[in-house]
2 protein chains.
Amino acid sequence: MLCVASESVRSRILAAGQRITPQRDLIAGVLEAAEAPLGAQELLDAVALRDAGIGRATVFRTLQSLQDAGVVQHVPLPGDQGGYLLCPTSGHHHHLVCQRCGRVEDLLEDEVALFVGAVARDHGFDIDHAGLELSGHCSGCR
Amino acid sequence: MLCVASESVRSRILAAGQRITPQRDLIAGVLEAAEAPLGAQELLDAVALRDAGIGRATVFRTLQSLQDAGVVQHVPLPGDQGGYLLCPTSGHHHHLVCQRCGRVEDLLEDEVALFVGAVARDHGFDIDHAGLELSGHCSGCR
DNA sequence: GCGCTTCTGATACCTGGTATCATCTGCTTC
DNA sequence: GAAGCAGATGATACCAGGTATCAGAAGCGC
Ligand SMILES: [Zn+2]
Ligand SMILES: [Zn+2]
Ligand SMILES: [Zn+2]
Ligand SMILES: [Zn+2]
């Protein structure tokens, strides 16, 4: 099989008990090569460009599989529906996105945990889900 | 006109330069009476229950108007598309939602600003948009 | 290679939301 | 209180993102 995704991504897919198929390999490869989170339509287009035979449903199913495997995260963005991002690190974490160049940085989860803990304390809540969508302009785009 | 929304909500709509119509009054009233954020379908149903003549487009347009007027906020929720919430305070702020009873509390914006400022400093970003989606269980539902 | 299990593509469908446009109505002015 | 106009409404069609179904195809462990 012609490999499109990196070996590490392929092994993360396998580790989640999922099969490597040419479709998954290609879709993961497209996401891995992207500089910024890809929106649904962007991803569909980019995939169709490389193999027009891949069905719409397969793309969305693969996205779901990759999210389940912790390889891909959906990042909400202000205004639109957000995009999909292939992160080198597995597990739940949060992102800071540059609105101009699309550059993405992972937040320091310690800092996030500190904030969430403080909110939980102040409000007497058990917080078991935090979605953070931070965006702005990076040092280069300011 | 039979008033459904409170006088304060009506005056906030007027203050934003928008007209009071029976439809807006009713939709705002439904949101004002809700205990928890209403999803799109829930709102459509609740509105249709009170006046079946109100069109789908009007409901969504009114939601947009109320958001523009700062009267309603869209709150993202884990899993689904989130819901619409009529807040007593205008302006951009964030929410903490109980997943069980739907209870909503406003976050202390000072605390949010502190966190966002720390992230901005650490990453060298200008952060100009922060969407926070915190949810968990309140003291009563724990 | 074999076979089980999973995956795929086509298609139809669903939800949330927007565009269009002819008609109607809240609000201001007189 | 009536007139007139900007702005709102409802019907309808449309769009994007995403899911359900199902017959057929193909990955992987043996
Ligand atoms: Zn990441
Ligand atoms: Zn940038
Ligand atoms: Zn609020
Ligand atoms: Zn609760």
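Lettering follows sequence order; numbering is per chain, from 1.
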>> Would the distance check show the side chain of A:E109 and the main-chain N or O of A:H94 forming a donor-acceptor pair, the cut-off being under 3.5 Å?
In response: yes
> Does anything in residues 27-39 of chain A reach DNA chain C, meaning a heavy atom under 4.0 Å, and if so which residues?
Replying inline: none
> If you find the nucleotide of DNA chain C closest to B:A40 and the one closest to A:Q18, which residue's nucleotide is nearer the 5' end?
Replying inline: A:Q18
> Tell me: CD of A:E42 to P of D:dG18, nearest whole Å?
Replying inline: 12 Å
> Got a sec, which residues hit salt bridge (charged side-chain N to carboxylate O under 4.0 Å, His left out) with B:D126, two or more places apart in sequence or on another chain?
Replying inline: A:R142
> What pairs meet the ring-ring contact (aromatic ring centres under 6.0 Å, His included) rule with one or both residues in residues 114-137 of chain B, with sequence neighbours excluded?
Replying inline: A:F115-B:F115
> Rounding to a whole Å, what distance do you find between A:I20:CD1 and C:dT8:P?
Replying inline: 11 Å
> Given atom CD of B:Q23 and atom C1' of C:dT23, what is their separation to the nearest angstrom?
Replying inline: 13 Å
> Is a side-chain donor or acceptor of B:D25 paired with a backbone partner of B:A5 at a separation under 3.5 angstrom?
Replying inline: yes
>> Side-chain N or O of B:Y84 versus OP1/OP2 of C:dG16: is the shortest distance under 4.0 Å?
In response: no
> Could you state the CG-C1' distance from A:L14 to D:dG29, rounded to the nearest angstrom?
Replying inline: 13 Å
> So how far off straight is the helix from C:dG1-D:dC30 to C:dC30-D:dG1, going by the axes through five pairs at either end, to 10°?
Replying inline: 40°
>> Looking at A:T58, is its backbone amide N or carbonyl O close enough to the side chain of A:T62 to form a donor-acceptor pair, meaning the two atoms are under 3.5 Å apart?
In response: yes
> With nearest nucleotides of DNA chain D determined for B:Q81 and B:I54 from heavy-atom distances, which residue corresponds to the more 5′ nucleotide?
Replying inline: B:I54
> Taking only residues two or more places apart in sequence or in another chain, which ones pass salt bridge (charged side-chain N to carboxylate O under 4.0 Å, His left out) with A:E133?
Replying inline: none
> Can you check the A:D80 CG to C:dG17 P distance for me, whole Å?
Replying inline: 14 Å
>> Among residues at least two apart in sequence or on other chains, which ones pass salt bridge (charged side-chain N to carboxylate O under 4.0 Å, His left out) with A:R61?
In response: none
>> Does anything in residues 32-48 of chain B form a side-chain hydrogen bond (donor to acceptor under 3.5 Å, both in side chains)? List the pairs, not counting sequence neighbours.
In response: B:S6-B:E32, B:Q41-B:D45
> Rounded to whole angstrom units, what separation is found between the CG atom of B:L77 and the C1' atom of C:dG16?
Replying inline: 15 Å
> Quick one: B:Q41 CD to C:dC14 P, roughly how many Å, whole number?
Replying inline: 12 Å
>> Contact list please: residues 56-67 of chain A against DNA chain C, heavy atoms, distance less than 4.0 Å, in numerical order.
In response: A:A57, A:T58, A:R61
> Can you list the other members of the hydrophobic cluster that holds B:L108, where links are side-chain heavy atoms under 4.5 angstrom apart?
Replying inline: none
>> Tell me the interatomic distance from A:D51, atom CG, to C:dG9, atom C1', rounded to whole angstroms.
In response: 11 Å
> Transitive ILVMFWY cluster of B:L49 at side-chain heavy atoms under 4.5 Å: who else is in it?
Replying inline: none
> Can you pull the ring-ring contact (aromatic ring centres under 6.0 Å, His included) pairs that have at least one residue in residues 26-80 of chain B, sequence neighbours excluded?
Replying inline: B:H74-B:Y84
> Does a nitrogen or oxygen in the side chain of B:T21 sit under 4.0 Å from OP1 or OP2 of D:dG7?
Replying inline: no
>> Side-chain heavy atoms under 4.5 Å apart, restricted to Ile/Leu/Val/Met/Phe/Trp/Tyr: what other residues fall into the cluster of B:L114, or is it alone?
In response: none
